[in-house]
Amino acid sequence: MLLKDILYKVAIESVKGTTEMMSSGIKFDSRQVGAGDIFVAIRGTLSDGHAFIDTAIQKGASAIVCETMPDVLQSNITYVKVKSANSALAFMSANFYENPSQSLKLVGITGTNGKTTVASLLYQLFRKAGYKVGLLSTVKIMIDSTEHKATHTTPDSLTINSYLREMVAAGVDYCFMEVSSHGVHQKRTEGLTFAGGIFTNLSHDHLDYHASFAEYRDVKKLFFDQLPKTAFALVNTDDKNGTVMLQNTSARKITYALKSYADYRAQILENQLSGLLLKINDNEVWVRLIGTFNAYNLLAIYGTAVELGLDSFEVLRLMSELESVSGRFQFVVSDSNVTAIVDYAHTPDALENVLKTINDIRTKNEQLITVVGCGGDRDTTKRPVMADIASSLSTKLILTSDNPRSEHADDIIAQMEAGVQAQHQRRTIAITDRRQAIKVACQLANPNDIILIAGKGHETYQEIKGVRHDFDDMQIVREYLIQLNK
């Protein structure tokens with residue numbers, strides 16, 4: 001493809017050299033550059049791509065896209081100075097892969113909690129409806145029935161467009177995509193054409209990356225600001241930030257809620273471990289998911305499906321067949337009737353939602369034993385808050401490691417312990433080894449008790465000092481529950 005065609009819609013400040021040249025690919029990692037590639041110099045949090053321009057040229061790059069021109073320019077290389085390299089990469093990626101998002105209906109889901117559940121269940125529902133469907137999620141990437149491993153909530157622009165191109169080639173009709181605040185802030189979603197956007201909720205998270213909660217909120221809002229007028233914007237108005245998301249969007253404004261007036265409303269009629277009985281816009285439906293948080297997720301799914309043209313009664317029928325997402329309120333029951341629940345809840349709001357859901361269902365004659373930790377190298381302010389919530393809403397609490405990454409797990413646990421109020425300290429213990437913590441929780445459990453293992457959900461590893469070790473909460477708790485039965 002000609003360089004000038006790849007640069008379509010990019011905010012260019014100056015060009016040195018010709019754009020009437022064929023380019024074989026786009027790279028933003030100098031180690032991957034090959035002959036005839038365009039190298040985009042991205043300023044990252046750990047390194048600056050501008051420092052690797054010479055390396056990229058030595059490896060065969062024929063064009064450089066950068067925010068600052070090098071001091072010395074080579075005569076056989078084309079240099080393109082842009083306002084934002086991240087934005088340039090997004091538009092270039094879309095152009096290089098022939099703007100695949102325009103050839104299917106792409107829906108983005110953003111918010112603190114619920115993104116994975118909503119995206120994954122929409123994928124399930126539309127496949128059950130007979131469509132070919134794509135999924136870009138934290139858990140996995142699906143091109144209809146073909147699975148790929150996911151590495152980020154929102155992949156880089158090249159990866160997104162590459163997968164979307166594959167989806168178009170496979171005949172995919174709809175794609176549901178998680179949109180993280182990092183992804184929006186780093187402009188990974190620019191250049192994409194969305195048919196719709198969904199806002200789930202907003203609470204304390206990622207304040208290690210964003211300077212303030214207001215910035216975190218405004219980055220989420222930017223996604224809706226950029227939606228075209230042909231798209232829909234579906235927001236949860238029970239969350240006070242829902243209306244904020246709609247302030248400047250050109251998209252069709254649609255709302256959903258459980259507690260307030262909205263275009264799509266639901267009422268919880270029954271909430272049991274076996275499922276939910278919901279009344280959605282005057283029609284009842286039984287679903288296999290549980291909890292108020294899932295009622296919101298299901299309402300978002302219902303609204304999205306209807307807005308995309310599915311029959312409302314058919315949507316309700318398909319919703320009754322949906323199965324829970326891996327690591328999202330996934331549970332197993334032992335022979336002695338101990339229920340173990342694995343959930344990704346890794347924010348204060350998500351943890352509180354899960355614990356309140358369990359407490360709403362249980363009779364209070366059984367124990368609720370919670371095992372939870374906090375990730376290292378992430379927002380430290382939520383650590384005592386999460387421990388306070390867990391200790392207040394659990395019968396027994398075991399604080400343990402999550403993904404400590406470069407930090408010491410004991411230091412993270414100590415910060416969590418600071419949030420445990422005096423009256424809850426006697427029923428709170430700290431066990432650094434996560435496997436041992438799960439084992440002790442199973443040993444403490446009596447028949448009919450409930451164990452919640454929170455924080456890691458679908459993850460099958462534990463990251464310690466830069467090394468990922470095999471670790472699957474569900475697999476481990478199943479192992480100890482089997483031993484409990486013997």
Side-chain angles (χ1 to χ4, degrees), residues 1-44 47-70 73-104 106 108 134 136 143 152 154-170 172 175 177 183-194 226 228:
M1 185 180 286
L2 287 174
L3 175 58
K4 70 174 185 179
D5 293 330
I6 295 173
L7 291 171
Y8 178 61
K9 290 188 177 180
V10 172
I12 298 172
E13 296 189 340
S14 64
V15 177
K16 299 294 183 182
T18 180
T19 60
E20 296 284 346
M21 58 186 294
M22 293 299 292
S23 299
S24 54
I26 306 168
K27 301 290 188 300
F28 59 91
D29 183 338
S30 62
R31 294 167 296 185
Q32 298 176 359
V33 171
D37 282 344
I38 307 165
F39 175 66
V40 184
I42 301 289
R43 298 188 195 277
S47 62
D48 184 349
H50 290 75
F52 301 96
I53 289 176
D54 288 343
T55 302
I57 293 172
Q58 290 168 12
K59 298 193 76 171
S62 58
I64 302 296
V65 175
C66 53
E67 295 175 5
T68 304
M69 286 286 197
L73 304 182
Q74 296 191 27
S75 59
N76 62 329
I77 304 296
T78 296
Y79 296 86
V80 182
K81 184 174 183 291
V82 297
K83 183 177 181 180
S84 166
N86 281 304
S87 180
L89 178 63
F91 283 105
M92 291 168 67
S93 301
N95 293 331
F96 184 78
Y97 286 105
E98 301 177 325
N99 294 289
S101 62
Q102 295 177 7
S103 299
L104 46 72
L106 177 64
L136 293 168
I143 301 175
H152 295 82
T154 307
D156 64 78
S157 304
L158 272 171
T159 302
I160 292 171
N161 282 280
S162 173
Y163 279 129
L164 289 175
R165 180 76 257 162
E166 287 188 50
M167 290 179 192
V168 171
V172 164
C175 176
M177 172 183 173
V184 176
H185 187 257
Q186 294 170 14
K187 305 183 187 299
R188 298 179 206 164
T189 56
E190 288 192 7
L192 299 176
T193 300
F194 285 92
Q226 295 171 343

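Nothing fancy with the numbering, it's 1 onward along the sequence.
- One N or O on the side chain of Ser24 and one on the backbone of Gly36 form a donor-acceptor pair closer than 3.5 Å.
- Closest approach of Gly49 and Ala41 over heavy atoms only: C-CB, 3.7 Å.
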>> Checking Phe194 against Ser101 for the side chain to side chain contact (heavy atoms under 4.5 Å, CB included) test, could you report, in this order, the C-alpha distance in whole Å, the side-chain angles of both residues, the deciding distance, and whether it holds?
In response: CA-CA 7 Å; Phe194 285 92; Ser101 62; over 6 Å; no

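- For Ala56 against Val33, the heavy-atom pair with the smallest separation is O-CG1, 3.5 Å.
- Taking OG of Ser157 as the start and CD1 of Ile42 as the end, the distance is 8.0 Å to the nearest 0.5 Å.
- A heavy-atom distance below 4.5 Å is not found between the side chains of Leu106 and Met167.
- The OG1 atom of Thr193 sits 4.0 Å away from atom CD of Gln102, with the distance rounded to the nearest 0.5 Å.
- In this structure, the side chains of Phe52 and Ser47 come closer than 4.5 Å at one or more pairs of heavy atoms.
- Nearest heavy-atom pair across Asn99 and Gly191 is OD1-O, 4.3 Å.
- Side-chain contact between Ile160 and Met177 is present, with at least one heavy-atom pair separated by less than 4.5 Å.
- A heavy-atom distance below 4.5 Å is not found between the side chains of Asp5 and Asn95.
- In this structure, Leu2 and Met22 have side chains that are in contact, with non-hydrogen atoms separated by less than 4.5 Å.
- The nearest pair of heavy atoms linking Ala61 to Ile77 is O-CD1, 3.3 Å.
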> Can Tyr79 and Gln74 be said to form a side chain to side chain contact (heavy atoms under 4.5 Å, CB included), step by step?
Replying inline: CA-CA 9 Å; Tyr79 296 86; Gln74 296 191 27; 3.7 Å; yes

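- None of Ile38, Val80, Ile53 except one satisfies the side chain to side chain contact (heavy atoms under 4.5 Å, CB included) rule with Ile64; the exception is Ile53.
- The environment of NZ in Lys59 is crowded: more than 12 heavy-atom neighbours from other residues, nucleotides or ligands sit within 6.0 Å.
- Separating the OH atom in Tyr97 from the CG atom in Leu164 is a distance of 11.0 Å, to the nearest 0.5 Å.
- In this structure, Asp29 CG and Arg31 CZ are separated by 4.0 Å, a value rounded to the nearest 0.5 Å.
- Here CG of Asn76 is found 12.5 Å from OG1 of Thr18. Values are rounded to the nearest 0.5 Å.
- Listed here is the closest heavy atom pair of Val40 and Ala85: CG1-O, 3.8 Å.
- A donor-acceptor contact shorter than 3.5 Å is absent between the side chain of Thr78 and the backbone of Ala63.
- In this structure, Arg188 and Asp156 approach most closely via the heavy-atom pair CD-CA, 3.9 Å.
- Residue Glu67 is tested with Arg43, Lys81, Lys83 for a salt bridge (Lys or Arg N to Asp or Glu O under 4.0 Å); the sole match is Arg43.
- A 4.5 Å side-chain heavy-atom check between Asn161 and Leu192 finds at least one atom pair inside the cut-off.
- To the nearest 0.5 Å, atoms NZ (Lys27) and CG (Leu158) are separated by 8.0 Å.
- A side chain to side chain donor-acceptor pair (under 3.5 Å) with Glu190 is found for one member of Ser87, Ser93, Ser84 and no other, namely Ser87.
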> Could you walk me through whether Met92 and Leu7 pass the side chain to side chain contact (heavy atoms under 4.5 Å, CB included) check?
Replying inline: CA-CA 6 Å; Met92 291 168 67; Leu7 291 171; 4.0 Å; yes

